[in-house]
There are 2 protein chains.
Amino acid sequence: MAEAHDMLFRTLADPTRRALFERLCREGEKTVGALTAKAGVSQPVVSKHLNLLKQAGLVRDRHEGRQTHYSAQLGALAPLIDWTSQMARFWETRFDDLENLLRRMDQ
Amino acid sequence: MAEAHDMLFRTLADPTRRALFERLCREGEKTVGALTAKAGVSQPVVSKHLNLLKQAGLVRDRHEGRQTHYSAQLGALAPLIDWTSQMARFWETRFDDLENLLRRMDQ
DNA sequence: ATAACGTATAGCTGTACGGCTATGGATTTG
DNA sequence: CAAATCCATAGCCGTACAGCTATACGTTAT
């Protein structure tokens with residue numbers, strides 16, 4: 001049962017891949033060539049990473065002639081945000097429970 | 001230049017490891033034995049994962065006799081939250097820029 | 001002191017994956 | 001039509017790592 005978070009975390013775990021996503025967030029739509037120019041890895045590697053980002057829903061691709069434009073899909077980060085705040089909520093709940101317990105013990 | 005996000009994302013990318021962290025968030029402090037009981041993997045594997053979580057700052061360990069208690073360190077998620085909101089901010093900035101551009105073009 | 005218990009470490013194995021080069025398919029240019 | 005350009009795919013290699021068993025280390029119990 002590979003959850004949705006799995007792919008998201010795994011996809012963002014690789015530095016090269018995350019850097020690509022960050023550039024797309026910062027600078028907007030880019031072609032594969034433009035991305036490759038400053039990626040520090042070969043073009044096939046960039047294409048491969050972009051494909052994985054796409055499968056994770058983190059980017060969109062748009063074909064125009066012989067070049068492909070990629071852009072960030074920020075909405076895909078939602079599960080990550082949800083997960084994080086859920087962990088925080090669990091933590092706070094336990095903290096509240098502890099507080100309640102101590103309060104009851106005080107009486 | 002392995003950034004701080006690297007370890008965090010990589011550490012949370014593994015399902016088994018993330019499940020351990022989630023349990024510690026939900027249920028609070030647990031011993032290695034208690035965690036192993038429902039982890040679905042062997043005890044050495046659990047210990048290994050806990051060590052990695054510890055190196056990432058995601059958990060604390062507390063030794064009590066012959067058993068070790070682990071607990072979640074929620075603060076370690078801060079860089080992750082920062083990164084996410086930063087990406088969102090970049091995205092919104094570009095969106096605002098686009099809006100401004102369109103507004104100027106409208107005149 | 002010895003045994004039993006809880007955890008950590010060591011060492012091994014298989015697999016997943018990031019990097020590369022080479023090449024193919026599609027499109028634009030000469 | 002030929003050549004060049006852009007990207008994707010195929011195939012290979014090396015390394016990282018998650019899982020295992022065996023074992024060592026420290027603590028409690030007998």
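Throughout, a chain's letter reflects where its sequence line sits, starting with A, and its residues are numbered from 1. These numbers were taken from a predicted model, which means no experiment stands behind them.
Atom-to-atom, CG of Asp61(B) to P of dG26(D) comes out at 16 Å; the value is rounded to the nearest Å. Between the C1' atom of dA8(C) and the CG atom of Leu35(B) lies a distance of 15 Å, rounded to the nearest Å. The distance from atom CD of Gln43(A) to atom P of dG18(C) is 16 Å, rounded to the nearest whole Å. Whole-Å rounding puts the Leu50(B) CG to dT9(C) P distance at 11 Å. Distance Met7(A) CE to dA16(C) P: 16 Å, rounded to the nearest Å. In this structure, the CZ atom of Arg18(B) is 15 Å from the C1' atom of dA18(D), given to the nearest Å. One interatomic measurement links the two molecules: CD of Glu64(A) to P of dT5(D), which rounds to 19 Å at whole-angstrom precision. For Asp6(B) and dA16(D), the CG to P distance is 14 Å, given to the nearest whole Å.
Using a 4.0 Å heavy-atom distance criterion, Asp14(A) is classed as a sugar-phosphate-only contact. Across all strands shown, Gln67(B) has heavy atoms under 4.0 Å from sugar-phosphate atoms exclusively, and none from any base. Residue contacts for Ser42(B): at a heavy-atom cut-off of 4.0 Å it reaches a base atom on one of the strands shown. Across all strands, Leu52(B) comes closer than 4.0 Å only to sugar-phosphate atoms, never to a base (heavy-atom distances). Contact annotation for Thr36(B): no contact, since no heavy-atom pair falls under 4.0 Å across all strands.
The heavy-atom pair separating Gly57(A) from Ala76(A) by the smallest distance is O-CB, 3.1 Å. Between Val59(A) and Gln73(A), the shortest heavy-atom distance links the atoms C-CG, 3.8 Å. Across Met87(A) and Leu77(B), no two heavy atoms sit closer than the pair CB-CD1, 4.1 Å.
Annotation: of the two residues near DNA chain D, Pro44(A) and Arg66(A), the 5′-most nearest-nucleotide partner is Arg66(A). Nearer to the 5' terminus of DNA chain C, by closest-nucleotide assignment, is the contact made by Val32(B) (compared with the other of Val32(B) and His49(A)). Projected onto DNA chain C by closest heavy-atom contact, Lys48(A) and His63(B) fall at different nucleotides, the more 5' of which corresponds to His63(B).
Leu52(A) and Leu8(A) fall into different hydrophobic clusters, defined by Ile, Leu, Val, Met, Phe, Trp and Tyr side-chain heavy atoms under 4.5 Å apart, directly or through other members.
More than 12 heavy atoms of other residues, nucleotides or ligands sit less than 6.0 Å from atom CZ of Arg26(A).
By the 30° and 60° cut-offs, the orientation of the rings of Trp83(A) relative to Phe21(B) is tilted.
The side chain of Val45(A) sits closest to dG19(C) out of dG19(C), dC7(D), dG19(D). Comparing dA8(C), dC20(C), dC7(D) against the side chain of Tyr70(B) picks out dA8(C) as the nearest. Comparing dT9(D), dA16(C), dC20(D) against the side chain of Arg10(A) picks out dA16(C) as the nearest.
Neither OP1 nor OP2 of dG6(C) sits under 4.0 Å from any side-chain N or O of Thr68(B).
Judged purely by atom type and a 3.5 angstrom limit, Arg18(B) uses its side chain to pair as donor or acceptor with the backbone of Leu12(B). Within the 3.5 Å criterion, the main-chain N or O of Thr11(B) finds a donor-acceptor partner in the side chain of Arg17(B).
Taking a pair as Watson-Crick or G-U with both hydrogen-bonding distances under 3.5 Å, the stems of three or more pairs touching DNA chain D are C:1-30 with D:1-30.
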